[in-house]
Amino acid sequence: MSKEIKTIGVLTSGGDAPGMNAAIRAVVRKAITNGVKVKGIKKGYQGLLNEEIIDMQASSVSDIIQRGGTILGTARCMEFKTEEGQKKGAEICRKHGIDGLVVIGGDGSYRGAQALSKQGINTIGLPGTIDLDIACTDYTIGFDTAINTAMQAIDKVRDTSSSHERCSIIEVMGRNAGYIALWCGVANGAEDILLPEKYDFNEQSIINNIINNRKKGKTHHIIINAEGIGHSTSMARRIEAATGIETRATILGYMQRGGSPTCKDRFYASIMGAYAADILCAGKTNRVVGHQHGDFVDFDIDEALAMQKEIPEYQYRVSKLLSASL
Ligand code: ADP
Ligand code: F6P
């Protein structure tokens with residue numbers, strides 16, 4: 001029989017993402033409505049180990065839904081990857097009367113939640129990452145804001161690139177995942193889109209593409225490069241040397257992780273946060289919340305972590321086709 005849940009905790013972990021605040025707000029308010037107390041844990045698993053734990057009321061999450069970042073703070077914590085760290089974390093939860101925990105973060109954070117549930121603390125994961133690289137869900141909190149931020153920035157670079165008849169390499173985030181690059185590549189009408197999952201390191205084909213486009217009269221050439229491929233600055237130097245066309249690199253960087261969340265991120269994070277609070281209060285553990293085929297769903301963490309995610313082949317082929325010059 002599942003234990004009665006009287007108090008839950010909530011933390012954000014790993015890279016922050018716009019919409020995390022909306023998720024925290026929903027967890028807190030839904031749990032309180034369910035008659036359960038809520039504690040906020042600051043700075044992810046590091047804050048748990050340091051016992052940075054605060055009581056949260058409905059008013060604690062007022063005026064945050066529109067804010068980027070996370071009011072709880074976030075961190076990466078090496079100690080939590082060890083069994084001693086995980087045991088200590090579970091002990092601290094018990095000491096503070098925390099029966100269950102909502103963990104908002106990416107795959108790594110899910111592994112921490114999985115470990116805590118093995119130590120007897122009920123856990124639910126929420127997908128919080130701008131990278132969209134969590135296999136069990138077609139949506140992750142923060143992705144929509146990040147792609148819109150990047151898209152607007154790329155439009156601006158395109159303006160100046162056209163005026164100066166330059167080639168521009170714009171590097172977007174995604175260490176292992178090319179979803180931001182794919183979406184912006186299509187949405188910004190890029191001439192080349194380089195994804196870590198697909199890149200063949202054939203720089204000569206990019207160079208040929210630039211030269212052909214120039215011959216056809218194109219005044220700009222936008223290359224969206226994912227962080228996982230990187231080396232945008234040296235790539236720009238090599239391309240300029242090979243084509244004779246001025247080439248500049250722009251690395252968008254952390255601006256993609258900040259800013260006020262879009263309506264979609266606020267909405268999905270709110271529904272997912274409430275869903276997490278409900279299943280945690282109902283005694284479920286070792287689950288993650290996702291969105292698939294129009295529905296909010298939950299999966300076993302072990303199964304979720306075993307799932308694989310790939311760039312959808314049709315989307316990739318269309319991105320290549322639309323970037324081809326007429
Ligand atoms: P994300 O959650 O965005 O994928 P990380 O991979 O950096 O980010 O993970 C965030 C934190 O989750 C780590 O700093 C660590 O505290 C915890 N974590 C990551 N992997 C594990 C693991 N295998 N076991 C336990 N905790 C982990
Ligand atoms: O996971 C989100 C993300 O922004 C990745 O796209 C990027 O590779 C990474 O985090 C950067 O992490 P850090 O904040 O540790 O530099």
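Numbering of ligands and ligand atoms starts at 1, following listing order. All values derive from a computational prediction rather than experimental measurement.
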So do [Y] and [X] actually touch side chain to side chain, heavy atoms under 4.5 Å?
X	Y	answer
Met235	Ile229	yes
Pro196	Arg175	no
Asn286	Gln114	yes

Which ligand 1 atoms are under 4.0 Å away from a heavy-atom of [X]?
X	result
Gly15	3 (O)
Gly112	25 (C), 26 (N), 27 (C)
Gly14	3 (O), 8 (O), 10 (C)
Ser13	10 (C), 11 (C), 12 (O)
Asp107	4 (O)
Gly106	1 (P), 2 (O), 3 (O), 4 (O)
Tyr45	12 (O), 16 (O), 17 (C)
Gln86	24 (N), 25 (C)

- [ ] Please confirm whether Gly106 comes under 4.0 Å of ligand 2, counting heavy atoms of the residue only.
- [x] no
- [ ] May I ask whether Arg76 places a heavy atom under 4.0 Å from ligand 2?
- [x]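 Flag set, Arg76 near ligand 2.
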Open item on the list: Under a 3.5 Å cutoff, is there a donor and acceptor pairing between the side chains of Asp99 and Asn122?
Closed with: no
Open item on the list: Pairing donors with acceptors under 3.5 angstrom, does anything connect the side chains of His221 and Asp192?
Closed with: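 Yes, a side-chain donor-acceptor pair sits under 3.5 Å.
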Open item on the list: Taking the six-membered ring of Tyr139 as reference, does the cationic atom of Lys264 (NZ for Lys, CZ for Arg) lie under 6.0 Å from its centre and within 45° of its axis?
Closed with: no
Sub-4.0 Å atoms of ligand 2 with respect to non-hydrogen atoms of [X]:
X	answer
Tyr254	13 (P), 14 (O), 16 (O)
Gly174	6 (O)
Asp131	1 (O), 2 (C), 3 (C), 5 (C), 6 (O)

Open item on the list: Regarding ligand 1, does Ala75 bring an N or O atom to under 3.5 Å of one of the ligand's N or O atoms?
Closed with: no
Open item on the list: Are any of the N/O atoms on Met78, whether in the backbone or the side chain, positioned under 3.5 angstrom from an N/O atom of ligand 1?
Closed with: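 Not met; the criterion fails.
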TODO: Decide, yes or no, whether a salt bridge links Glu51 with Lys88 under the criterion of side-chain N to carboxylate O below 4.0 Å.
DONE: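 No.
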- [ ] Run the salt-bridge test on Glu91 and Lys95 with the 4.0 Å N-O cut-off and return the result as yes or no.
- [x]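 Salt bridge: no.
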Look at [atom] and say which protein heavy atom is nearest, naming residue and atom and giving the distance to 0.1 Å.
atom	answer
atom 9 (C) of ligand 2	Arg175 NH2, 3.5 Å
atom 7 (C) of ligand 2	Glu227 OE1, 3.4 Å
atom 4 (O) of ligand 2	Arg257 NH1, 2.9 Å

Open item on the list: Quick check: Met173 and ligand 2, any N/O pair under 3.5 Å apart?
Closed with: no
Task: Cluster overlap Ile222 with Leu182, hydrophobic side-chain contacts below 4.5 Å - done: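 Result: yes, single cluster for both.
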Task: Under 3.5 Å: donor-acceptor pair, side chain of Asp144, backbone of Asp265 - done: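 Pair absent, no side-chain N/O of Asp144 close to backbone of Asp265.
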